[in-house]
Amino acid sequence: MKKVAFYTLGCKLNFSETSTISRQFEDRGFQKVDFQENPDIFIINTCSVTENADKKCKKIVKEAKKISPDSYVAIIGCYAQLKPREISEIKGVDAVLGAAEKFRLHELLGDFAKEQEAKVLASEITEAKSFNNAYSINDRTRTFLKVQDGCNYGCAFCTIPLARGKSRSNTIASVLESAREIASTDVKEVVLTGVNIGDFGIVEGKRQERFADLVFALDQVDGIDRFRISSIEPNLLTNEIIEFVSRSERFVPHFHIPLQSGSNTILRKMGRRYLRELYEDRVSKIKTLMPHACIGVDVIVGFPGETDELFLETYNFLNDLDISYLHVFTYSERANTRAVEMDGVVPMKKRNERSKMLRILSEKKRRKFYEENLGKTFTVLFEEDIDGGKMHGFTENYIRVAAKYDPMLINETKQVTLDYINDAGNVEVLEPEMVYEKY
Ligand code: SF4
């Protein structure tokens with residue numbers, strides 16, 4: 001039995017795809033092992049957004065060859081699509097597969113026999129037209145279910161459309177099938193994943209279905225406690241979806257909404273499809289209906305043309321907004337994007353300073369959000385995340401809690417009352433048995 005190991009860089013989508021590819025191997029009789037367990041084959045799933053993607057890729061290949069010098073090494077993923085030739089020249093790489101090829105490893109690489117030269121099987125990204133269903137089963141608690149891939153938006157800083165192609169989706173019927181499969185396992189939470197999931201519904205180049213209808217349909221699937229919408233563009237987060245989530249028992253009150261900048265000047269330069277007023281309106285709609293909802297924000301600092309004044313517009317906008325945490329990205333130049341041609345390059349030192357300011361703001365926001373929810377009762381899904389006698393889990397509105405370790409609670413949901421914020425920044429709960437006799 002040949003042994004295969006996987007290494008994944010990047011986002012939830014990559015994790016869902018690696019997991020599905022690993023099941024393809026297992027179905028064909030391969031044994032899935034850890035990276036250190038002398039695999040015969042390594043599959044490395046790369047990311048184009050990761051800083052120093054090339055260096056990381058080289059390092060992982062080197063490590064793999066150290067562990068199993070005679071192993072077969074195949075590189076897939078976004079970076080493989082963007083730079084197939086460069087990657088094929090890395091010592092130790094046997095094959096590079098692009099976006100249209102990565103789900104066809106067995107068909108294209110046969111019995112993974114090593115050849116003199118590395119194989120490069122990466123067609124133009126325009127060839128990546130079909131949707132490949134994927135979901136992760138890495139831990140028992142939650143799964144990332146891919147419902148959409150690619151993007152038609154073309155933001156000035158982004159390489160994802162070049163690495164993943166045009167927007168395309170699974171059908172509602174097929175997502176429901178996967179959800180039912182997942183429901184028959186022990187998994188309690190499904191995170192809907194994609195590049196631009198609000199754009200769900202394009203099949204073979206034509207809009208056929210709507211994201212809102214997918215949400216309504218999934219809400220009916222029995223056997224899954226929670227659905228989480230991973231990240232959705234503000235212009236696609238409609239009142240219909242927000243109102244539905246506010247009434248749903250299963251879709252949790254947690255929204256992650258990319259903002260990228262709080263300055264309309266920069267939003268226009270980025271080619272984003274909304275202005276800050278729309279963003280503000282989305283946050284206010286959510287908070288009016290669900291005052292306890294968690295709202296996460298993606299923001300980029302140091303985009304070309306971001307002067308001190310424009311950065312302060314972003315800072316003040318976020319400071320005044322009722323949001324719960326930030327994911328801060330420091331802008332970095334990417335080949336073949338419109339942004340690299342733009343004037344007004346922000347020195348790296350400034351980018352880093354701005355990033356630090358927003359990270360501090362994020363901590364303040366998170367703490368305030370946690371404080372507002374102390375004394376309230378929520379449902380926690382406990383994970384196998386044990387540290388110093390404590391176990392951890394997330395509430396439906398994404399508050400990380402710590403409770404006394406109880407093995408019976410792993411992968412179980414339980415109602416708890418939030419007590420206080422501990423030194424590690426997690427929320428301690430009133431001892432469950434003191435609050436509820438039985439759940
Ligand atoms: S919406 Fe913009 S940032 Fe997001 S994937 Fe599409 S092009 Fe990239």
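FYI, side chains are in, hydrogens and waters are out, and symmetry mates aren't considered; it's all heavy atoms of this structure. Since the structure is predicted, the reported quantities are computational estimates derived from the model, not experimental observations. Counting starts at 1 for both ligands and their atoms, following the listed order.
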Self-check item: Identity and distance of the protein heavy atom lying nearest atom 5 (S) of ligand 1
Solution: Val195 CG1, 3.4 Å
Exercise. Anything protein N/O/S under 2.8 Å from atom 2 (Fe) of ligand 1? Just list residue and atom, please.
Key: Cys155 SG
Quiz item: Parallel, tilted or perpendicular: which describes the rings of His327 and Phe329, with under 30° parallel and over 60° perpendicular?
Solution: perpendicular
Quiz item: Going by the angle between their ring planes, with limits at 30° and 60°, are His106 and Phe112 parallel, tilted or perpendicular?
Solution: perpendicular
Quiz item: Parallel, tilted or perpendicular: which fits the ring planes of Phe251 and Phe227, with parallel below 30° and perpendicular above 60°?
Solution: parallel
Exercise. Scan Lys285, Arg247, Arg210 and name whichever one has a salt bridge (Lys or Arg N to Asp or Glu O under 4.0 Å) with Glu240.
Key: Arg210
Self-check item: Heavy-atom neighbours of Glu204 CD exceed 12 at 6.0 Å
Solution: no
Self-check item: Among Arg359, Glu306, Met357, Glu353, the one residue meeting side chain to side chain contact (heavy atoms under 4.5 Å, CB included) with Val301
Solution: Glu306
